[in-house]
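Scroll down for the structure; my scribbles are underneath it.
Letters A, B, ... are given to chains in the order of the sequence lines, protein chains preceding strands, and every chain is numbered from 1.
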Protein chains: 2
Amino acid sequence: MLEKNKCFGCEFQSSATKFLKTEELEKLEKCSVGISFKKNDIIFKENIFSSNVIYLKKGIIKLHKKTSSKEKIIKIVKSPNYLGIPATFNEKFHYYSATALSDTIVCFIQKEKFKDFIYSNADFAYKIIKCLCENEIILLEQCFNKSKKNVRGRIAETLLFFYNKIFHKKKFIIPLTRDEFGKYIDTSRESVSRVLTEFNNDKIINLTAKNVEILNEKLLEIISENG
Amino acid sequence: MLEKNKCFGCEFQSSATKFLKTEELEKLEKCSVGISFKKNDIIFKENIFSSNVIYLKKGIIKLHKKTSSKEKIIKIVKSPNYLGIPATFNEKFHYYSATALSDTIVCFIQKEKFKDFIYSNADFAYKIIKCLCENEIILLEQCFNKSKKNVRGRIAETLLFFYNKIFHKKKFIIPLTRDEFGKYIDTSRESVSRVLTEFNNDKIINLTAKNVEILNEKLLEIISENG
DNA sequence: ATTTTTTTGTGATATATATCATATTTTTTA
DNA sequence: TAAAAAATATGATATATATCACAAAAAAAT
């Protein structure tokens, strides 16, 4: 659904666009559209040529990709954040699909205009560089952690990720099905079920369907570290 | 070993510094030093505060990181390439260590001066953004592939990576021990040995110690895709 | 409200890969 | 050049996790 899009004084302004001057913000407003998505709506699909920078203004989304029948969830991203800058700036197709995990608002910004701001405003450019740098470090951590932990460790880590990085509350609703959870941490839905019920039995979490409350954060951290 | 460092007319100039003007190159020369490393020398260590942008001018290196006794090789990088920009620009400690896998020359560039170029030269800034974008896509591919392939597939993929991305020849010397190979693709040294001898027996490769010749590229690609 | 579809839980079994053990080869050091 | 250390190969066994099978619960569709 098309949203009225106001860049000047936008309550969800990105840390980069805060550096844009009034006339640049007016330009931005003209070259961008805001669109709202409902849970499970596809925001963009992999292998589509990317001609827009995408700004996740509000909501939580998953980035995912298919290979020969199997699917993997690469990343879970919360607003505010840019999506698909790498594909867009390399004149490439989107490497992954993006699907809303909650009701979401997204701005599509014309690539060429976005690039103009990089050329006209060095503070903006530097901020974009910093965003890309942060993303790379997060991705590195993710790769590294995943390869060094067993299933229990990865599930503990993910529960802590939801708590610390997404919801900031010990009580939350897992925004994934068991199957999606498995596709995120590279395991089967059955293993996710088993470990979650184990954590529940051990009073580390309180689990009812998708509702979780973290009861023993300390222990969850230990499991996350040592498997 | 300290190298004489000439930025203007440097034969290993990066795609970004090609955009620098003569006076900027002179500045660059003043704020950077070139250092040569021998195979197995440590270029920088993880958890060290990063105050330089590091440009890999010549050679092949591994980026690696330890956790509680175990080690993982995160990436193998060939010149020309920048290293550690994310850590440097986020005022952070290096996330990983870098060790030379061949004789190597590296330039250390003062972070603040490098940042000045981003502010003074938009073409340079944009090129750096593109470098970061490329790195992110490579990292994403790596994460994705690793999680979807079995050991045979990952070894086949790595052999093709050495051929296509590093040496550009079907005959090369694996720049890793079996143990390091295992730490790169998240498996044990024994599994690496077994699969490599299997490939050798099946005439897919010709293997003598670290010397490899790819005999059946097509089949290696199929194994890489389907495990 | 009832039917259909999707999601989840859990036991039994299979399997890929790790780990252990030992021999051999290669490399490094003295 | 010999001795010591490191790297490699390979068989035997252990183990974590996947897969299969089926039942139950929850969600979606009619």
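Not a single ring pair (Phe, Tyr, Trp, His ring centres under 6.0 Å) links A:Tyr95 to another residue, sequence neighbours left out.
Under the Watson-Crick or G-U wobble criterion, with both distances below 3.5 Å, D:dT15 is paired with C:dA16.
Between the side chain of B:Ser79 and the main chain of B:Gly59, a donor-acceptor pair closer than 3.5 Å is present. A side-chain donor-acceptor contact under 3.5 Å links B:Thr88 to the backbone of B:Asn52. Put simply, the side chain of A:Arg178 never gets that close to the backbone of A:Arg189: no donor and acceptor are under 3.5 Å apart. Side-chain atoms of B:Lys149 come within 3.5 Å of backbone atoms of B:Ser224 as a donor-acceptor pair (strictly under, hydrogens ignored). For A:Thr208 (side chain) and A:Asn211 (main-chain N/O), no donor-acceptor pair under 3.5 Å exists by modelled atom type.
A straight line from CD of B:Glu198 to C1' of D:dA9 spans 14 Å, rounded to a whole angstrom. For A:Arg189 and D:dT19, the CZ to C1' distance is 10 Å, given to the nearest whole Å. Rounding to whole angstrom units, CG of residue B:Asn40 and P of D:dA6 are separated by 13 Å. Rounded to whole Å, atom C1' of D:dT19 lies 16 Å from atom CG of B:Asn150.
Using a 4.0 Å cutoff to heavy atoms of chain A, the contacted part of DNA chain C runs 5' to 3' from C:dT8 to C:dA12.
Residue B:Lys210 has a polar side-chain atom (N or O) positioned under 4.0 Å from OP1 or OP2 of D:dT8.
Near-neighbour residues of DNA chain C inside residues 177-185 of chain B, defined by a heavy atom below 4.0 Å, are absent.
Around the NZ atom of B:Lys111, the shell of radius 6.0 Å holds more than 12 heavy atoms that belong to other residues, nucleotides or ligands.
Between A:Ala209 and A:Glu190, the residue whose closest nucleotide on DNA chain D is further toward the 5' end is A:Glu190.
B:Phe181 and B:Phe162 have perpendicular rings, their planes meeting at more than 60° on a 0 to 90° scale where under 30° would count as parallel.
B:Asp186 comes within contact range of the sugar-phosphate backbone alone, with a heavy-atom separation under 4.0 Å but no base atom that close. Using a 4.0 Å heavy-atom criterion, one finds that A:Ser191 contacts the sugar-phosphate atoms exclusively.
No side-chain heavy atom of B:Leu207 sits less than 4.5 Å from a side-chain heavy atom of B:Phe199.
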